[in-house]
Amino acid sequence: MIRLFTALEIPGEIAGRLTRLQRGIEGARWIEPSDFHITLRFIGDVPEDIANDVDEALQEIGFDPFEIEIEGVGEFGGKKPHALWAGVRPSEPLTRLQARHESAMRRVGLKPETRNFTPHVTLARLRSIEAPEVYRFIEANNLFATPRFEVSRFVLFSARTSTGGGPYVPERTYPPEAE
């Protein structure tokens, strides 16, 4: 079994800006900058033969480069926050690409994703952090934004099965890099 997901990579300059946000919450488990990404589709634990089917389905997805930007911060978990994130400004090309990933995974036979697509970059995992502390962080950083950057490919990553998943390993890029 291998744990897989598809995502967009974060360029180094943008990762540097995100890293500067990673302070001010005692006990937060900050994500390594090399593990920053924007998940398109969590695939989960699949056998090797299904992983091959996933790869074939991803190769069929048409891809045109587009620009995105990261703006704002937020949390998942509400009264018991478990993750802190930087948001991604909604865009039609991003939404379309994510929908293509969802369709491709359904064709492979995977169950539909039940959560709404909320594009984001996870900054920290939170455990036993009080909600008011998280909301103070969000209020202090709610105007955070990065310059636009071009997305020229998407990546199939594998992850450890432990909590938090990283480090993430790029297995394939789409479109494939020229040899």
Side-chain angles (χ1 to χ4, degrees), residues 3-43 63-78 80-101 115-160 162-175 177:
R3 178 166 286 185
L4 299 172
F5 66 94
T6 61
L8 302 176
E9 299 165 299
I10 304 299
E13 176 193 337
I14 304 301
R17 290 172 184 255
L18 291 167
T19 300
R20 290 192 286 278
L21 287 174
Q22 293 183 305
R23 62 180 183 276
I25 298 180
E26 190 70 32
R29 229 178 64 225
W30 300 107
I31 303 299
E32 291 294 324
S34 60
D35 287 333
F36 287 154
H37 63 274
I38 301 165
T39 300
L40 294 169
R41 177 58 153 86
F42 180 72
I43 297 165
F63 186 85
D64 293 317
F66 59 95
E67 290 188 336
I68 59 176
E69 68 185 286
I70 296 171
E71 66 177 9
V73 293
E75 54 75 32
F76 291 126
K80 293 187 178 191
H82 57 81
L84 185 65
W85 50 259
V88 177
R89 179 182 282 234
S91 75
E92 184 58 34
L94 177 59
T95 302
R96 197 170 37 247
L97 179 62
Q98 191 279 329
R100 289 177 183 156
H101 281 238
R115 296 171 292 188
N116 289 333
F117 179 54
T118 305
H120 67 279
V121 179
T122 301
L123 298 172
R125 305 265 183 228
L126 308 173
R127 182 178 283 164
S128 303
I129 309 287
E130 296 296 320
E133 185 177 358
V134 175
Y135 292 128
R136 280 192 297 277
F137 176 91
I138 292 169
E139 185 177 335
N141 294 286
N142 67 351
L143 297 178
F144 175 80
T146 68
R148 297 177 73 79
F149 61 94
E150 183 176 85
V151 174
S152 60
R153 66 185 191 173
F154 62 88
V155 181
L156 175 64
F157 284 97
S158 62
R160 294 183 311 177
S162 65
T163 304
Y168 304 119
V169 177
E171 299 291 341
R172 299 264 194 288
T173 59
Y174 309 87
E177 294 179 1

As an exercise, state the distance from [atom1] of [X] to [atom2] of [Y], rounded to the nearest 0.5 Å.
| X | Y | atom1 | atom2 | result |
| --- | --- | --- | --- | --- |
| Thr118 | Gln98 | OG1 | CD | 9.5 Å |
| Phe42 | Arg3 | CZ | CZ | 4.5 Å |
| Phe117 | Leu94 | CZ | CG | 4.5 Å |

If you count the non-hydrogen atoms of other residues, nucleotides and ligands that lie under 6.0 Å from [atom1] in [X], is the total more than 12?
| X | atom1 | value |
| --- | --- | --- |
| Arg100 | CZ | yes |
| Glu69 | CD | yes |
| Glu26 | CD | no |
| Glu139 | CD | no |
| Glu130 | CD | no |

Checking the side chain of [X] only, and the main-chain atoms of [Y] only, is there a donor and an acceptor separated by less than 3.5 Å?
| X | Y | answer |
| --- | --- | --- |
| Gln22 | Ile31 | yes |
| Ser91 | Ile68 | no |
| Glu75 | Gly77 | yes |
| His82 | Lys80 | no |
| Thr6 | Arg41 | yes |

On a heavy-atom basis, the closest approach of Ala86 and Leu18 is CB-CD2, 3.7 Å
